[in-house]
S.K.: 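The structure's right below; bear with me while I get my questions together.
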Amino acid sequence: MQIYNTLTRRKETFTPAEPGKVRMYVCGPTVYDAAHMGHARSAVVFDVVYRHLMSKGFQVTYVRNFTDVDDKIIRRARDLGRDYSEIAGRYIREFHEDMDALGVLRPTHEPRATEHIGDIIELIKVLVDKGNAYVAGGDVYFRVRAFPDYGKLSGRNLEDMEAGARVEVDEKKQDPFDFALWKASKPDEPKWDSPWGPGRPGWHIECSAMGRAHLGETFDIHGGGKDLIFPHHENEIAQSEAAFGRPFARFWIHNGFVNIDQEKMSKSLGNFRTVREVLAGHHPEAIRMFLLSKHYRSPVDFSADAMSEASGALERVYSCLLRIRESVDVEVPAGRDAGDFQDRFIQAMDDDFNTAGALGVVFEAVRHANRLLDQDPAAHAAELASIHALIRRAGGELGMFTLPPADFFHAAKKAAGLDPEEIERLIQKRNAARKAKDFATADAIRDQLKEQGVILEDAPGKTTWKPA
RNA sequence: GGCGGCAUAGCCAAGUGGUAAGGCAGCGGUCUGCAAAACCGUUAUACCCCGGUUCAAAUCCGGGUGCCGCCUCCA
């Protein structure tokens with residue numbers, strides 16, 4: 001399979017360092033506020049990476065950290081008059097709730113920075129001993145100039161960046177690009193004892209330390225949002241490679257941003273969408289459909305229209321699933337495979353996790369199944385069962401199409417806040433009118449229901465309904 | 001100023017050398033009492049513009065235009 005590697009800026013054939021086993025590290029959230037759609041995208045994208053690698057038979061060790069001590073958490077805690085650990089704990093809990101709701105599998109390990117202070121201190125010691133870091137006051141800084149490869153991930157060099165001159169001046173630093181490994185704590189800030197006095201870790205060092213603790217010194221895959229390429233991942237490389245003298249991550253994967261109505265989602269614009277808000281109005285799988293309908297490296301634009309389109313697409317698949325289950329016995333082992341849909345689905349996924357292309361294959365399968373259903377379901381029972389199996393298997397990798405179709409539609413009805421009994425009563429009344437050829441009354445009832453947001457679908461012998 | 005990315009039909013979106021997936025919407029049809037759903041057909045002589053390489057380019061190379069991101073906390 002091919003994976004686009006940020007480090008080389010091209011697709012490369014992926015093979016893990018140790019055959020059969022994949023070590024993957026993804027940067028998780030700093031837990032100081034509710035998770036937003038950007039967090040959801042990153043989590044869902046790497047969830048799919050994780051699922052697909054497992055489907056290839058790899059034994060995947062997936063680590064995603066929580067940054068649970070940092071300036072923003074401390075500030076938030078102070079604003080609310082709480083302890084920083086209480087804030088972090090609360091948002092970790094919420095993050096889990098949100099991601100569970102989205103069907104994101106829990107990683108193998110979810111280390112928190114504060115659980116690895118010892119590892120972090122050990123790592124900083126190594127860097128100081130090697131001359132890659134220096135102590136200044138109670139702080140410790142990484143000496144960027146001592147690491148010749150600095151900039152290799154983001155394609156920058158120090159001289160070019162200096163021209164930009166948007167670097168904060170700090171008299172403690174020997175060089176403006178040096179970054180903190182350890183920060184001396186101010187009064188009332190969380191602190192841990194260290195050889196350099198009481199303090200807390202800088203942001204970048206935790207990933208190097210936790211990654212090593214759980215995955216060793218070289219990972220197969222390291223991922224995160226595009227915005228982390230510089231400086232975060234660049235700094236991780238510098239720390240880890242300077243300390244261990246070996247390549248840090250072999251493949252770097254970065255997901256694109258979520259925009260809101262064509263604007264960058266940002267606090268200052270006030271256009272943040274939290275996962276909770278979106279979940280309140282949309283089915284979780286519709287959110288995944290929206291996110292996975294585009295390639296993971298491209299920006300996606302979140303909007304009401306985009307979400308309803310995704311919902312419609314999801315419904316199309318579930319409708320098909322429902323039709324198949326009502327027509328044939330899908331539990332019968334598939335007698336024949338579903339044409340080349342299966343192969344093409346895997347091919348798309350193997351090509352740098354092309355979920356948009358893979359979904360295209362699913363929709364082709366859906367149309368094919370609908371066609372068979374329109375013709376003669378019984379005659380195509382085996383093929384329909386195999387398409388049903390294909391869609392479910394594809395869904396297993398994408399984290400969609402996982403519910404019994406009837407449950408999916410039932411949930412939609414419930415979410416629409418309609419009264420099923422009243423609707424059923426009207427449907428019966430209408431069908432009685434239809435039988436009596438009183439179409440004026442029948443149509444009036446249908447129009448009335450439509451106004452309430454109910455769409456009727458007449459099938460031979462029975463009428464079903466769904467929310468608009 | 002430096003680095004990187006993107007530009008495909010009305011909209012969303014795959015496709016990275018061999019002649020344009022898929023979704024939504026539209027139009028024509030089948031089905032239906034009429035609709036809805038589903039299916040069939042149709043909808044880009046063509047992939048921002050200009051050059052070049054090639055038997056062959058949306059796909060590679062050069063130049064241009066437009067948009068976006070990173071360089072400060074950020075998924």
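Computation of the quantities below employed the complete heavy-atom set of this structure, encompassing side-chain atoms and omitting hydrogens, waters and symmetry-equivalent molecules. Order of the sequence lines fixes the chain letters, A, B, ..., with proteins taken first and strands second; residue numbering starts at 1 for each chain.
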S.K.: Is the shortest side-chain N/O distance from A:Arg316 to OP1 or OP2 of B:A38 below 4.0 Å?
M.R.: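 Yes, because at least one side-chain N or O of A:Arg316 sits under 4.0 Å from OP1 or OP2 of B:A38.
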
S.K.: Short question: side chain of A:Glu236, backbone of A:Ile205 - any donor-acceptor pair under 3.5 Å?
M.R.: no

S.K.: For A:Asp374 and B:G29, give me the distance from atom CG to atom P, rounded to whole Å.
M.R.: 19 Å

S.K.: Could you tell me whether a side-chain N or O of A:Glu263 sits under 3.5 Å from a main-chain N or O of A:Ile260, the two making a donor and an acceptor?
M.R.: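 Between the backbone of A:Ile260 and the side chain of A:Glu263 there is no qualifying donor-acceptor contact (under 3.5 Å).
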
S.K.: Of the candidate nucleotides B:G23, B:G69, B:A37, which contains the atom at the shortest distance from the side chain of A:Phe363?
M.R.: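 So the nucleotide nearest the side chain must be B:G23.
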
S.K.: Both atom distances under 3.5 Å, Watson-Crick or G-U wobble: I'd like the secondary structure of RNA chain B as a dot-bracket string, with | for pairs made across strands.
M.R.: ((((((((.[[[..)..(...]]].(((((.......))))).....[[[[[..)....]]]]])))))))....

S.K.: Taking only the P atom of each, what is the distance from B:C55 to B:A46 in whole angstrom?
M.R.: 24 Å

S.K.: May I have the distance from A:Asn157 (atom CG) to B:G4 (atom P), rounded to whole angstrom?
M.R.: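 So the CG-P distance, A:Asn157 to B:G4, works out to 10 Å.
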
S.K.: On RNA chain B, nearest-nucleotide positions of A:Leu456 versus A:Met265: which is more 5'?
M.R.: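 The 5'-side residue here is A:Leu456.
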
S.K.: Report the distance from atom CG of A:Asp47 to atom P of B:A75, rounded to the nearest whole Å.
M.R.: 18 Å

S.K.: Using a heavy-atom cut-off of 4.0 Å across all strands, would you classify A:Asp458 as base, sugar-phosphate, or nothing?
M.R.: base

S.K.: Write down the distance separating the C1' atoms in B:U72 and B:C3, rounded off to the nearest Å.
M.R.: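 Between the two C1' atoms, the distance is 16 Å.
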
S.K.: Rounded to the nearest Å, what distance is computed from the NZ atom of residue A:Lys72 to the P atom of nucleotide B:A75?
M.R.: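 Between P of B:A75 and NZ of A:Lys72: 7 Å.
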
S.K.: Spell out, as yes or no, whether a donor-acceptor pair under 3.5 Å connects the side chain of A:Asn65 to the backbone of A:Arg112.
M.R.: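 Not at all, since once roles are kept as given, no pair shorter than 3.5 Å links the two residues.
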
S.K.: Ignoring hydrogens and geometry, is there a side-chain-to-backbone donor-acceptor pair from A:Lys173 to A:Asp178 under 3.5 Å?
M.R.: yes

S.K.: Just checking, any donor-acceptor pair under 3.5 angstrom between side chains of A:Thr463 and A:Glu457?
M.R.: no

S.K.: Heavy atoms only, 4.0 Å cut-off, all strands: where does A:Glu457 land among base, sugar-phosphate and nothing?
M.R.: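 If one applies the 4.0 Å heavy-atom cut-off, A:Glu457 turns out to touch a base.
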
S.K.: How is A:Arg64 classified with respect to the nucleic acid when contacts are heavy atoms under 4.0 Å: base, sugar-phosphate, or nothing?
M.R.: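 Nothing, no nucleic acid heavy atom in range.
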
S.K.: When we call it a touch if two heavy atoms are under 4.0 Å apart, what does A:Phe230 touch: a base, just sugar-phosphate, or nothing?
M.R.: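 If one applies the 4.0 Å heavy-atom cut-off, A:Phe230 turns out to touch the sugar-phosphate alone, with no base involved.
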
S.K.: Any side chain to side chain donor-acceptor pair (under 3.5 Å) involving residues 304-315 of chain A? Give me the pairs, sequence neighbours left out, ordered by first then second residue.
M.R.: A:Glu315-A:Lys466

S.K.: Does A:Arg297 qualify as a cation-pi partner of A:Tyr4, given the criterion of NZ or CZ under 6.0 Å from the six-membered ring centre and within 45 degrees of its axis?
M.R.: yes

S.K.: Is the positively charged end of A:Lys226 above the ring of A:Phe257, judged by distance under 6.0 angstrom from the centroid and angle within 45° of the axis?
M.R.: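 No, A:Lys226 does not lie over the aromatic ring of A:Phe257.
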
S.K.: Determine the Euclidean distance between corresponding C1' atoms of B:A58 and B:A44; express it in Å to zero decimal places.
M.R.: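 Per the computed distance, 11 Å lies between those C1' atoms.
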
S.K.: Of the candidate nucleotides B:C34, B:G23, B:C70, which contains the atom at the shortest distance from the side chain of A:Asp227?
M.R.: B:C70

S.K.: Indicate, with a heavy-atom threshold strictly under 4.0 Å, whether A:Gly225 touches base, sugar-phosphate, or nothing.
M.R.: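 Contact class for A:Gly225: sugar-phosphate only.
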
S.K.: Taking the six-membered ring for Trp, are A:His254 and A:His233 parallel (under 30°), tilted (30 to 60°) or perpendicular (over 60°)?
M.R.: tilted

S.K.: Rounded to whole angstrom units, what separation is found between the CG atom of A:Leu291 and the P atom of B:A75?
M.R.: 15 Å

S.K.: Using a 4.0 Å heavy-atom cut-off across all strands, classify A:Gly224 as base, sugar-phosphate, or nothing.
M.R.: sugar-phosphate

S.K.: Taking any heavy-atom pair under 4.0 Å as a contact, classify A:Val258: base, sugar-phosphate, or nothing.
M.R.: base

S.K.: What does the list of N/O pairs under 3.5 Å between the protein and nucleotides 12-15 of chain B look like, with a distance for each?
M.R.:
unit_1: B:A14; atom_1: OP1; unit_2: A:His295; atom_2: N; d: 2.6
unit_1: B:A14; atom_1: O3'; unit_2: A:Asn354; atom_2: ND2; d: 2.7
unit_1: B:A14; atom_1: O2'; unit_2: A:Asn354; atom_2: ND2; d: 3.3
unit_1: B:G15; atom_1: OP1; unit_2: A:Asn354; atom_2: ND2; d: 2.9

S.K.: Can A:Thr274 and A:Arg276 be counted as having a side-chain donor-acceptor contact under 3.5 angstrom?
M.R.: no

S.K.: Considering only side-chain heavy atoms of A:Arg9, which listed nucleotide, B:G4, B:A75, B:C34, is closest?
M.R.: B:G4

S.K.: May I ask you to say what A:Leu228 touches in the nucleic acid, namely base, sugar-phosphate or nothing, with a heavy-atom cut-off under 4.0 Å?
M.R.: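 The residue A:Leu228 makes sugar-phosphate contact but no base contact.
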
S.K.: Among B:C34, B:A75, B:C70, which is the nearest nucleotide to the side chain of A:Arg156?
M.R.: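 Comparing B:C34, B:A75, B:C70 against the side chain of A:Arg156, the answer is B:C70.
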
S.K.: Between B:A13 and B:C50, how many Å separate the two P atoms, rounded to a whole number?
M.R.: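 After rounding to an integer number of Å, I get 25 Å for this pair.
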
S.K.: Round to the nearest Å and state the distance from A:Arg371 atom CZ to B:U30 atom C1'.
M.R.: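 Going from CZ in A:Arg371 over to C1' in B:U30 covers 14 Å.
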
S.K.: What's the gap between B:A7 and B:C12 when it is taken at their C1' atoms, as a whole Å value?
M.R.: 15 Å

S.K.: Would you mind classifying the nucleic acid contact of A:Arg297 as base, sugar-phosphate or nothing, using non-hydrogen atoms under 4.0 angstrom?
M.R.: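 No contact.
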
S.K.: Please state whether the phosphate of B:G22, meaning OP1 or OP2, lies under 4.0 angstrom from any side-chain nitrogen or oxygen of A:Arg367.
M.R.: yes

S.K.: Atom CD1 of A:Ile229 and atom C1' of B:G5: how far apart are they, to the nearest Å?
M.R.: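 In whole Å, B:G5 C1' lies 10 Å from A:Ile229 CD1.
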
S.K.: Is any side-chain N or O of A:Arg41 under 3.5 Å from a base N or O of B:A75, one able to act as donor and the other as acceptor?
M.R.: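 For A:Arg41, whose side chain was compared with the base of B:A75, there is no donor-acceptor pair (under 3.5 Å).
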
S.K.: What distance, rounded to whole Å, do you find between the two C1' atoms, one in B:G4 and one in B:G17?
M.R.: 25 Å

S.K.: Describe, in one word, how the ring planes of A:Phe147 and A:Phe142 are oriented to each other, choosing from parallel (under 30°), tilted (30 to 60°) and perpendicular (over 60°).
M.R.: perpendicular

S.K.: By nearest heavy atom, map A:Lys437 and A:Leu359 onto RNA chain B; which one lands nearer the 5' end?
M.R.: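 By nearest-heavy-atom nucleotide position, the 5'-most residue is A:Leu359.
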
S.K.: Pick the C1' atom in B:G18 and in B:G51, then give their distance to the nearest Å.
M.R.: 23 Å

S.K.: Measuring from A:Glu422:CD to A:Leu426:CG, what's the distance to the nearest 0.5 Å?
M.R.: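 Rounded to the nearest 0.5 Å, the CD-CG separation comes to 4.5 Å.
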
S.K.: With heavy atoms under 4.0 Å as the rule, sort A:Gly151 into base, sugar-phosphate or nothing.
M.R.: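 The answer is nothing, as A:Gly151 stays clear of every strand by at least 4.0 Å.
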
S.K.: Pick the P atom in B:C24 and in B:A20, then give their distance to the nearest Å.
M.R.: 23 Å

